[in-house]
There are 2 protein chains.
Amino acid sequence: MTGKTRKGTRLALSGSTAFSQLRPETRDALEAMCRAKSYRAGQTVIHAQEHSGFIGCVLSGILRMQKTLADGREHIVGLLVEGDTFGRVFDGAAEFTIEAATDAEFCAFPRTKFEALMTRAPDLERAILLNITNELDRAREWLIILSNQKIAGRISGFLLLLCSRFRDIDHILQPSPEGIEVKIPINRADLAHLLGTRPESISRSLHSLRDQGVIDILEPDRILIRDTKALALAADVDEIEAISTLQDLLKNHRPEH
Amino acid sequence: MTGKTRKGTRLALSGSTAFSQLRPETRDALEAMCRAKSYRAGQTVIHAQEHSGFIGCVLSGILRMQKTLADGREHIVGLLVEGDTFGRVFDGAAEFTIEAATDAEFCAFPRTKFEALMTRAPDLERAILLNITNELDRAREWLIILSNQKIAGRISGFLLLLCSRFRDIDHILQPSPEGIEVKIPINRADLAHLLGTRPESISRSLHSLRDQGVIDILEPDRILIRDTKALALAADVDEIEAISTLQDLLKNHRPEH
DNA sequence: GGTCGGCATTGATAGGTATCAATGACCTTC
DNA sequence: GAAGGTCATTGATACCTATCAATGCCGACC
């Protein structure tokens, strides 16, 4: 069991965008202090306003970062997938609750030890800095997507974001001759919370996009993107960069590794 | 002129949340490398997709961070006020354009020198890390505000955010016996871009809030918050934390220093 | 096999917002 | 003082979405 944990962790740390550039010594130190954890869908990993005792790095599954509003509704501010890190370093309590959207595993680094290592290993501190910088850009891209008045536009933006962000995760994205197949990793209610709307509207907009021939709905959570250009147009986003991402995906059309 | 620049910079660096905790040597090094710049309203400071040559720290005025969409519309992802920093360190090109929303001054640190100092001075690197962590939280708070379906709710959230974030900047916030007076630092069009809507809707929602007695519109850009509780309710936000911020403001009701 | 519960979908309706168009207030400029 | 421009506001209308309600689908569980 320990062996299994170690192996999974090593894979995760080298695969993670945050930790891929670390010096071997630093990575060894990280592996030595980490402990694998697994949660079932719906469980809470970190409560908002609580000083979490660890920094986490997702190994598998999806975590959602969210805030519960005064009226009980929840809004999701981000999803965490394999390779993503979470938890605050050198700073106060978490602002958002983190819950498992699906069954999920992650490795946890004790906060105190992690911070001590950061102070000792400049490459780790630099890696964290770069990681947060990217997170910030992603959060701001979300702002753009959420600012789209029409729900179909937000969904399009979401699908495009999945394509650009999860392009190497083949259980989410799967290029095919007919287009790009996207596995939506969360249910309609979560998707609605993420896009600032309601499940009914998600459903209607998705089917509207299908009727226009932009996408196909293979299953409720499996979408086939047919017309990349129309999708980018609906998303009202920088067309050129979105399409180039999608074209890349279609070209790299690897059968399987 | 040099003297004036130095003085302004020193004030800014100690007042800035990002740099307030630095060691004196580090701050001196920063001051030595910085150069004051000023822009007029509407001018572009950094173009999106460009490697900016400097890191900036706002001294006065308002900068807006934005992205131009395919159809020519612009969406604002954040505002920068005095003490805020901008520009990317150790990473690629900027994702967003930065423009002066009002006449503005900031001090610029040459990127290469700044990065060299960061590598040399761990306290600076740590300060930047904490700064970006806070930026990230703020961006995610924006996500919550933008997820509000009703425009009046978004405006309420925006006003509350101004109160919590700019509580020490007295040319923006001014507590009074009747409530809190807020100076909105941007015009209706920018506010609409920020909140993902249109100027007409901003106007209507603002006047609707006035008719309900929640706020007063002293001038188009001067809002008096009368009923803090109703505002928090409209914003659909964590009532307790929002109200406590506002109560604090009303208590500290300093006449002027 | 049958029942229950979660989830996606569909329908009907009321309410809110985008959009187009026009007006008015204020400031700058000549 | 007149003219032009920017900006906030107001009005009318079509469109879109939230909401409530109901149906159908599917897997879990007994």
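The shown structure was predicted, so the numbers you read here are calculated from the model rather than taken from an experiment. Letters A, B, ... are given to chains in the order of the sequence lines, protein chains preceding strands, and every chain is numbered from 1. These values consider heavy atoms only, across backbone and side chains, with no hydrogens, waters or symmetry-generated copies.
Looking at A/Thr197 and B/Gln149, their side chains never come closer than 4.5 Å, going by heavy atoms from C-beta outward. Residues A/Lys183 and A/Gln174 form no side-chain contact, since every pair of their non-hydrogen atoms from C-beta on lies 4.5 Å or further apart.
Atom-to-atom, NE2 of A/His193 to P of C/dC7 comes out at 12 Å; the value is rounded to the nearest Å. Following rounding to the nearest Å, A/Leu209 (CG) and D/dC16 (P) show an atom-to-atom distance of 13 Å. One interatomic measurement links the two molecules: CZ of B/Arg188 to C1' of C/dG24, which rounds to 15 Å at whole-angstrom precision. Atoms CG (A/Leu218) and C1' (C/dT9) sit 17 Å apart, rounded to a whole Å. When the P atom of D/dT9 is taken as reference, atom CZ of B/Arg210 falls 9 Å away, rounded to whole Å. Atom CG of A/Asn148 is separated from atom C1' of D/dT17 by 14 Å (rounded to the nearest Å). Taking atom CG on B/Leu191 and atom P on D/dC7, their separation rounds to 14 Å, with Å as the unit. Per the geometry, CD belonging to B/Glu219 stands 9 Å off P belonging to C/dC27, to the nearest Å.
The two atoms that bring B/Phe106 and B/Val58 nearest to each other are CB-CA, 3.7 Å, heavy atoms only.
Between A/Glu135 and A/Arg138 a salt bridge is recorded (basic side-chain N to carboxylate O distance below 4.0 Å).
Side-chain N or O atoms of A/Ser208 include none that pairs as donor or acceptor with a backbone N or O of A/Arg204 at under 3.5 Å.
A heavy atom closer than 4.0 Å to some atom of DNA chain C occurs in A/Glu200, A/Ser203, A/Arg204, these being the qualifying members of residues 195-204 of chain A.
Toward the 5' end of DNA chain C, the nearer of the two residues B/Ile151 and A/Asn187, judged by each one's closest nucleotide, is A/Asn187.
Heavy-atom neighbours of B/His171 NE2 from other residues, nucleotides or ligands within 6.0 Å: above the threshold of 12.
Between C/dA8, D/dT19, D/dA8, one nucleotide has an atom nearer to the side chain of A/Pro220 than all others, and that is C/dA8.
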